[in-house]
There are 2 protein chains.
Amino acid sequence: MNDVRPTLEAVAARAGVSRATVSRVVNGGLNVRAAVQERVREAIAELGYVPNQAARTLVTRRTGAVAVVIAEPESRVFSDPFFAQQLRGISRALSAADTQLVLLYVEDREDYGRIGRFLGGGHVDGALMFSLHSDDPLPGIAAAADLPVVYGGRPGWEGEDSLGGDPLFVDTDNRAGARLAVRHLLDRGRHRIAHIAGPLDQTSAVDRLRGYRDELPADAPHDLVAEGDFTPAGGERAMTELLTRAPHLDAVFAASDLMATGALRTLQLHDRRVPDDVAVVGYDDLEPATWTHPPLTTVHQDVEEMGRMMATLLLTRIGAGTDDPPAPVITPPLLVIRESA
Amino acid sequence: MNDVRPTLEAVAARAGVSRATVSRVVNGGLNVRAAVQERVREAIAELGYVPNQAARTLVTRRTGAVAVVIAEPESRVFSDPFFAQQLRGISRALSAADTQLVLLYVEDREDYGRIGRFLGGGHVDGALMFSLHSDDPLPGIAAAADLPVVYGGRPGWEGEDSLGGDPLFVDTDNRAGARLAVRHLLDRGRHRIAHIAGPLDQTSAVDRLRGYRDELPADAPHDLVAEGDFTPAGGERAMTELLTRAPHLDAVFAASDLMATGALRTLQLHDRRVPDDVAVVGYDDLEPATWTHPPLTTVHQDVEEMGRMMATLLLTRIGAGTDDPPAPVITPPLLVIRESA
DNA sequence: CGATGATTTGAGAGCGCTCTCAAGCTCGTT
DNA sequence: AACGAGCTTGAGAGCGCTCTCAAATCATCG
């Protein structure tokens, strides 16, 4: 192991060419004679040359890395399959473009400082942000750092404003998805349909609640809503509350599969049969939906693909420029019928 | 938003001092008069100056980031609470030292190339590596890149060799832990004790198997071992196999809690009562151990603390130098008795 | 065969920062 | 008052790379 890494200079000397020529070869070899390229590549191999990333970043102003910021504590990030799935799509797209991914999550409020410093410090070329809450400082931080961002899920603000134009995001049509779910329950003859909402400071939760209300007939009870937090435990709590407030409910639409699993557990604890006594519909169509007893009827969204799209959007925004101006993407939801409803 | 970021030069001009002085203030302000420091800090604030990381890295040869490499596919990384917990400890220690964490996992064999390029590319000052398998190329890659590494779990090789001296690692005493588990089962009067091992190309799995064999009395059956893969599904498969081979077993020691949960499910499916018919002991004492019915008796290891130790070890190895030569750490296991055995 | 244009190559100027070294100060001491 | 011992400060070199620009080389053709 040579303790000191060879530089461009060393390779150039070895190959008998100039630094500039080696640089050209390293970066694709445009306009370099084949014979020379060959010689340079040999020198690179012999010396075990690896470009110094810092030097390169210093002059190109590109780091080749993007941040993925999730506004949730680490425990949620690593336990919610939604993030895992999304992250999978993102990694795929990113590593195809030889771009590194730096994962950041928000453990507590003071982390915003650290994250702000990181995003502003020029460590990354852009950011993907998830799970923003309505008063989230992250968009402001990114704007202040002049950093391109793509949001996962429609952010709370839209259009021209202080944060610099239209936000770029990838989302599913949550409202339509919720309507699909409720429609299905109505079609199955259910009337007392409750809703376990997500945290109402997130647009996805709000949109799903709105869709639920849209579809409910005028004569149906409209107040059977409890707010959860997208976790199984939150689903349990919400279900317990609903059961107390409306013991005779005959269906539940949960705003996420994870909350639905919690609801399922609670219903079983209270001796309600699913779907006979109470029908349950989830949202997301992630793995847990297939594990439960009975398997969950749920609203599908292609989370991995959405992750991929986010990454692609960000890459084009960062990359060449405006030859294909990226625009927000909204994917259609799809009802998947299993056994819980 | 100023499109162009202010440089040290700009701050220096504004504060009426030299670049060097501003640099000193930014880096702690040693040997700079209080009045001057004040003036410089004002200039920094007014201009919104943020140091350019690349430039700094170029001269200091420190990136302020470390990689965490997990030799498992992303789906495992994000579903196994062991990694989540470990990662939590690591993040804590790292962000306390203002060091960034870059997470890398190995999706398939060809990822090794990408990871090698990344580790060799000078993007990070060191690496934390987990879940290595016996023939893993990662240690070689790190050695080739001359990168300080701390391993999670004793690596398969030890002592002086081609990979450059003693590997630094943090582990728990797996063998002793396994003995604790088996001892407990024996004390409860169990005799036909099976073992669901982890993948035997990992030292932790081998050591636990060894501990299990150590403690088994000479007249007990020694062949009730099935190999799992540390996942719930693997636990199910192994349990099914064991039940076929030895329908009368009265206890199972699983090498991880996750496999134990799978075993539990399978046992219930086969109408075995736990712990009455079959006692079950897990390993790790992570969250799932408390969720199961019945809650798992298991061997505790402080995974988060171990993560923190790994990070600390790496930081000292990277940092100052040899004033406190870091050494491998082996933590003691602890039996936690709940209801499954 | 010289002119024209395209292609290939090298020299050299930075990118923004740290760090060494020497010069300029401030003091306490004699 | 003079002098050496710290403190503070600034000048300037240099980290390894990219990129512009001009020089050199090659190809093409009237």
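Chain letters run A, B, ... following the sequence lines, proteins first and then strands; every chain starts at 1.
- Salt bridge status for R308(A) with E305(A): present, with a side-chain N to carboxylate O gap under 4.0 Å.
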*Decide yes or no on side chain to side chain contact (heavy atoms under 4.5 Å, CB included) for L103(A) and L101(B), but give the supporting numbers first.*
CA-CA 8 Å; L103(A) 184 62; L101(B) 180 165; over 6 Å; no
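- Comparing dC15(C), dC19(C), dA11(C) by their nearest atom to the side chain of A20(A) picks out dA11(C).
- Between D98(A) and R114(B) there is no salt bridge, since none of the side-chain N atoms of the basic residue sits less than 4.0 Å from a carboxylate O of the acidic one.
- Here the P atom of nucleotide dA13(D) and the CG atom of L58(B) are 17 Å apart, to the nearest Å.
- Atoms CZ (R62(B)) and P (dC17(C)) sit 18 Å apart, rounded to a whole Å.
- Rounded to an integer number of Å, the gap from N52(B) CG to dG14(C) C1' is 14 Å.
- Side-chain polar atoms of H123(A) and Q100(B) form no donor-acceptor pair below 3.5 angstrom.
- An OP1 or OP2 oxygen of dC7(D) is reached within less than 4.0 angstrom by no side-chain nitrogen or oxygen of R33(B).
- The phosphate of dT9(D) (OP1 or OP2) has no side-chain N or O of N31(B) nearer than 4.0 angstrom.
- Going from atom CD of Q53(A) over to atom C1' of dC15(C) covers 14 Å, rounded to whole Å.
- Rounded to an integer number of Å, the gap from CG of L30(A) to P of dA6(C) is 17 Å.
- Of the candidates D171(B), V170(B), L132(B), I330(B), R154(B) forms a side-chain contact (heavy atoms from CB on, under 4.5 Å) with just one, namely D171(B).
- In this structure, the CG atom of L8(B) is 14 Å from the P atom of dA11(D), given to the nearest Å.
- Counting only heavy atoms from C-beta on, R56(A) has its side chain closest to dT18(D) among dG10(D), dT18(D), dC15(D).
- The interatomic distance linking Y49(B) (OH) with dT18(C) (C1') rounds to 11 Å, in whole Å.
- Along DNA chain D, the nucleotide closest to S23(A) and the one closest to R19(B) are compared, and the more 5′ of them pairs with R19(B).
- Under 3.5 Å, the side chain of R24(B) and the base of dT8(D) form no donor-acceptor pair of N or O atoms.
- Spacing between atom CG of N27(B) and atom P of dC19(C) amounts to 7 Å, rounded to whole angstrom units.
- Contacts of V26(B) with the nucleic acid, taken as non-hydrogen atoms under 4.0 Å apart, are absent.
- With dC15(D), dT9(D), dT9(C) as the choices, the nucleotide that has an atom nearest any side-chain atom of T21(B) turns out to be dT9(D).
- Listed pair S18(B) / dG10(D) meets the phosphate criterion, a side-chain N or O lying under 4.0 Å from OP1 or OP2.
- Side-chain proximity of V59(B) to dA11(C), dT8(C), dC15(D): nearest is dC15(D).
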